Amino acid sequence: MIEVAHLTRRYGSATAVDDLSFEVAKGEVVGFLGPNGAGKTTTMRILAGYLPATRAERLLVAGHDVMRDSMAVRRAIGYLPESVPLYPELRVEEMMRFQGRLHRMSRQDLRTRIGEVLDRVGVLDRRKQLVGTLSRGLKQRVGLAVALLPDPEVLILDEPTSGLDPIQRGEVRNLIAALSSEHTVLLSSHILAEIEAMAPRVIIIHEGQKVADGSQDQIIQRLGASGSGGGAGHVLVEAAAPAEASAMAELMKSLPGVETVTLGDRVGIHHSFRVSGEGDLREDIGALAMTQGWALRELTWKRPTLEQIFTRLVIGDVAPVLSEGASSAPAPVAVPNASNAPAPVTSGLELSMPQGAKKPLPLGTPGTAQPKTIYSLNPFDRGASRDLSKPVSVDPVPPAAPKLDPLDPEGGDA
Amino acid sequence: MTGALVVARRELTGLFMAPFTWIVLLVVLLLNGLLFNSYLVRSGGNITATLNASMSEGSFWVWMVFLPALLSMRLIAEESRNGTLEYLLTAPVGDLAVVVGKFLAATLFLGLVWTSALVYAGALDYVGGSPDWPAIIGTWVGTLLVSGLFVSIGMLASTFTATPLLAAFLSMVACVLWLTLPWLALLALSNVLPYFAETGAELKALSERAETVVGSMDAIGHFQRSFQVGVIDSAEVIFFFAWTGLFLFLTARSLEARRWRG
């Protein structure tokens with residue numbers, strides 16, 4: 001549907017888009033991710049026929065050459081720039097009619113289609129209102145309606161959620177998710193939570209170049225694993241033990257496969273650790289805790305989020321993982337990194353949505369990649385025969401335990 | 001062409017929706033009426049003389065410079081500021097269609113404003129005066145052509161900046177220069193030409209040639225020679241069409257250049 005090969009665009013001596021190539025298949029929803037000034041908007045403007053490319057080997061949208069057959073491309077796409085350009089002095093309906101006339105829709109078509117599209121984006125009751133008096137969120141929807149009116153094959157949406165409040169963002173996101181079944185969508189954002197929620201495939205661009213392309217899982221796996229230390233996944237451990245924290249860390253470090261153990265904060269009687277190494281080390285650490293008699297409160301496998309990878313790609317190796325700095329802050333370890341900040345908003349939104357509107361989220365949704373699973377939380381439960389891979393259900397009758405006090409210096413060693 | 005008409009239609013709707021337009025209209029009609037009245041008093045009730053005066057005096061040309069500039073300043077500059085230019089330039093219509101559509105809307109609107117003169121004449125005819133109808137209609141047509149020319153100049157100015165007022169100022173300066181160019185040029189030439197001529201006959205030939213060149217840009221001259229005396233001369237019409245077309249073309253090119261600048 002969209003084919004871009006070796007696209008370059010310069011503004012004077014500054015290069016906004018540098019030899020960018022990618023393809024978007026029919027029916028795909030692709031998110032353009034990049035910091036401000038990465039070249040997202042420029043690329044979209046070129047595809048929409050607003051800006052000419054400085055150089056491009058191939059630029060096809062819906063089978064038409066953007067450079068040679070601009071009119072055909074413009075007829076086939078719905079383009080919504082970031083500024084949501086609408087004429088403030090027109091009424092919603094008039095704006096729609098103008099768009100329809102520009103696209104040479106017949107009067108009959110126009111009448112039915114305007115009602116349909118306005119209904120779809122949920123502004124049917126505002127059809128007589130002046131565009132200038134609409135709120136930002138409503139304007140965004142009207143902008144989307146304008147882009148959708150001619151039923152384009154390809155939708156190009158530049159920052160469709162920027163400037164909206166969290167609830168409006170959620171609404172627009174749902175709308176786009178619903179559209180993705182009928183249109184090929186290329187959208188951009190510098191907000192990761194948005195991209196993660198809307199687009200199964202992500203293209204990360206930085207300084208005009210593509211730095212990553214693939215499904216979120218693929219990107220996380222490939223780039224997350226390639227990074228050493230904090231880049232790959234790590235295990236969060238929170239446990240109480242009679243031993244010194246440093247001794248606990250030493251013990252964990254001695255496990256095969258463990259590369260680094262970072263000591264976190266002390267929360268009450270519990271110490272927190274960040275253990276990274278090869279793959280998921282939960283079972284090993286769990287077994288260690290079991291033999292040492294530590295009172296384990298948390299054992300979580302954390303994979304880097306798209307945001308961490310994004311930050312690493314953009315900043316380079318200066319700050320490989322945001323969580324490095326944050327985990328040493330006096331915050332509970334359960335909130336290990338800054339990337340979790342947008343997550344509460346997102347999940348709050350999901351909860352407030354009607355269930356019917358909720359789409360299964362793709363993997364790698366905001367927050368951590370894996371749900372938190374607590375394996376052993378009961379110091380009285382020492383059942384060695386228990387299947388470690390299954391979470392413990394509360395066991396009301398503790399088996400005969402040699403020592404009842406978890407803090408007893410001798411208790412852990414058997 | 002359909003695209004241009006669609007754009008023109010939207011532009012006119014937008015114009016009539018904006019309070020600014022009505023204020024301008026009110027002020028123009030009020031001042032025009034007052035001027036007309038003062039001319040009427042001055043000429044002692046001579047209707048034809050009054051109508052003539054109201055279409056040829058300095059105040060008329062002040063309007064001609066002022067109004068097109070005010071109308072055309074928003075055409076592109078404001079869209080550029082609102083971001084709607086991006087919408088329009090990615091819609092399935094060509095740049096020239098956008099330019100022509102906007103031009104048509106502004107010129108039609110000005111035509112409507114100048115129709116007030118026809119209404120005055122009609123009213124005077126009704127109460128028993130005998131206006132010179134061919135001259136009045138000719139003048140109206142000529143006014144429309146001059147308005148079109150100045151709108152096209154204003155639009156070109158409007159593509160250079162995203163500040164409508166600056167665009168208006170640019171366009172007024174350009175129009176005043178355009179109107180006064182024949183005098184300025186001849187004034188300058190009469191001081192320069194003697195240095196290039198050795199004999200009196202040569203000087204005369206040179207001045208004549210200079211006058212032809214300068215005359216080809218003399219809007220007031222073309223206006224007064226034909227339209228104002230009630231003659232619609234195709235050569236004069238073409239004079240205005242050609243210049244207007246050139247400026248519209250330049251406007252479209254300037255828009256394209258903006259795309260390159262990004």
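Please read these numbers as outputs of a predicted model, since none were measured by experiment. Note on naming: letters A, B, ... go to the chains in the order of the sequence lines (proteins, then strands), and numbering restarts at 1 for each one.
With a 4.5 angstrom heavy-atom cutoff, A/Gln99 touches chain B via backbone and side-chain atoms both. With a 4.5 Å cut-off on non-hydrogen atoms, A/Arg97 does not touch chain B at all. When heavy atoms are compared at a cutoff of 4.5 Å, A/Leu102 approaches chain B by way of both its backbone and its side chain. Interface residue A/Leu86: only backbone heavy atoms are found under 4.5 Å from chain B. Residue A/Ala53 touches chain B through its backbone alone, counting heavy-atom pairs closer than 4.5 Å. For A/Tyr79, the part lying near chain B is the side chain, with the backbone staying farther off; criterion is any non-hydrogen pair under 4.5 Å. Contact annotation for A/Val146: only side-chain heavy atoms (C-beta onward) come within less than 4.5 Å of a heavy atom of chain B.
More than 12 heavy atoms of other residues, nucleotides or ligands sit less than 6.0 Å from atom CZ of A/Arg136.
Between atom CZ of residue A/Arg101 and atom CZ of residue B/Arg10 there is a gap of 11.5 Å, rounded to the nearest 0.5 Å. With values rounded to the nearest 0.5 angstrom, A/Met44 atom CE is found 13.0 Å from B/Thr90 atom OG1. Between the CG atom in A/Asp158 and the CD atom in B/Glu86 there is a gap of 7.5 Å [rounded to 0.5 Å].
Between the side chain of B/Arg259 and the backbone N or O of A/Gly49, at least one donor-acceptor pair lies under 3.5 Å.
Side-chain contact between A/Phe98 and B/Leu88 is present, with at least one heavy-atom pair separated by less than 4.5 Å.
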